[in-house]
Amino acid sequence: MKKRKFKKEIKLILLVFVVILSSIFCFLLKREVKTIKTFKSENILEQKDNYNIKVSYPIVQNKKFSNKLNNLITQKIKLFKAEAKNLKKNRTYELNISFDIYDNMNNLFTFHFTVYEFLGGAHYNREDFIYYYDYKKNEEIRWEDLFIDEQQALKLLSNLSKEKLKNIYLNELFSDEALNNGLDSIKDNFELILIGDEDVTIIFPPYQVAPWSSGALNIILNYNEINNLLNNKFRKNVQIVKEQNKDAVNRNLRDVNKLKGKKLIALTFDDGPSYNTTSKLLDGLKSRNAKVTFFVLGNRVKQLPNIVKRAYEEGHTIGSHTYSHKNLFNLEDEEILKEINYANDQIESVTGVKPKVIRPPYGNFNEHIINLTNMTYILWNIDTMDWKYKNENYVYNKILNDAKDGGIILLHDLYETSVDAALKAIDKLSEENYAFVSFEELEHLDIIKLNRNHYFYSIYNN
Ligand code: ZN
């Protein structure tokens, strides 16, 4: 009797031991996974005869900060309406305010707002502004609070910017005097700082360091270049992060044999990633077991590597949309290669492999560009015009009406309306024997071949 009881006790102790060990293991595993916080957004849509307003801004817990954002947006809308009222009635004026979020994975969030306003001039006006937010304490962080010593910070930012801008954008920048004004060590010149997980980006809006035609330029600083200036709590040891990224990537891929006999559609998402909307899309695709292709911009991958890593791990194909969305027709060979290679390097640093597929900005490419760059150019046969309408129902109906076996559908994951429409369309079309596939899956199915200086508009007939 005694012996049996003893055995029982040993069993019990062993069991407890195993439970403790496995919970420690689970805890360690969990710590590895970075969670992505999302914010709800407030959306304002107003379409009148001579103007369109599309505004989106985040909802945060802190009332004071929430009111501040609200007032700012209300004020912008009011001013825009007053201007539009005074202008000719026969044109459509536009106000478009959108935001992006950057997470430094240390409770610090950067909200980056972009305002595009069209009031009948030669082109849009663009304005950027940025707010910082402490997610844990639920309070706004002021720009000044990022640094230990503001003056010293400005001096270094000015020097680093001169050096880096000249390195990347030499032919586009203003000549010296105007450039120096735009990079003078004053706060006005360096207010647009995105604090990312792996590095820090400074944005220079049109006209600050280069003409309008060059668009907004940006440079990327490593944490080790500015850690000394940053307040303690915002500093990061980048080495550790970089090493984590080199870990072999585990991907959740499907058995493509199960796709045989289905009608195939390739959903493609350009211009991303974007913090909130791409995360929402990935959640939706995961629960529907659908795979898609993302044609990402290199400069955005650099700012949001974790989102791209997640998309890759969840089995989606990551293709290139070049580094900064320039029209390749306007570039010299050397510049084309720079746009392509920078983006490929950036994607490789996140996924571990160079992308095989590319979607050229505006769909602009030719034989010469293909031969120069040695990638597969993927165009589309269904254009949802989602960027123009930003309307969930319109995009949803467009997908349903045009859906066909072999369809390559062009969408943009920057817009919540596109994400919602795509997910709804997946639900509907899945009932009609459609499957949603990535380009890697199409290659595994032997339907297409990638990496052979080739281009196509449809899944079949290539
Ligand atoms: Zn694009």
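Whatever order the structure lists them in is the order used to number ligands and atoms, beginning at 1.
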Check: How about Gln61: does its CD atom have over 12 heavy atoms from other parts shown lying under 6.0 Å from it?
Finding: no
Next item on the list: Please state whether the rings of Phe99 and Phe113 are parallel, tilted or perpendicular, taking 30° and 60° as the class boundaries.
Entry: tilted
Checklist line | 4.5 Å side-chain heavy-atom contact, Val115 and Asp128 | finding: no
Next item on the list: Looking only at N, O or S atoms, find the one in His321 nearest to the Zn ion (ligand 1) and name it.
Entry: NE2
Notebook entry, point to check: Restricting to N, O or S atoms of Asp271, which is nearest to the Zn ion (ligand 1)?
Noted result: OD1
Check: Taking 2.8 Å as the cut-off, does an N/O/S atom of His412 lie below it from the Zn ion (ligand 1)?
Finding: no
Next item on the list: Tell me whether the guanidinium CZ or amine NZ of Arg251 lies under 6.0 angstrom from the six-membered ring centre of Tyr312 and within 45° of its axis.
Entry: yes
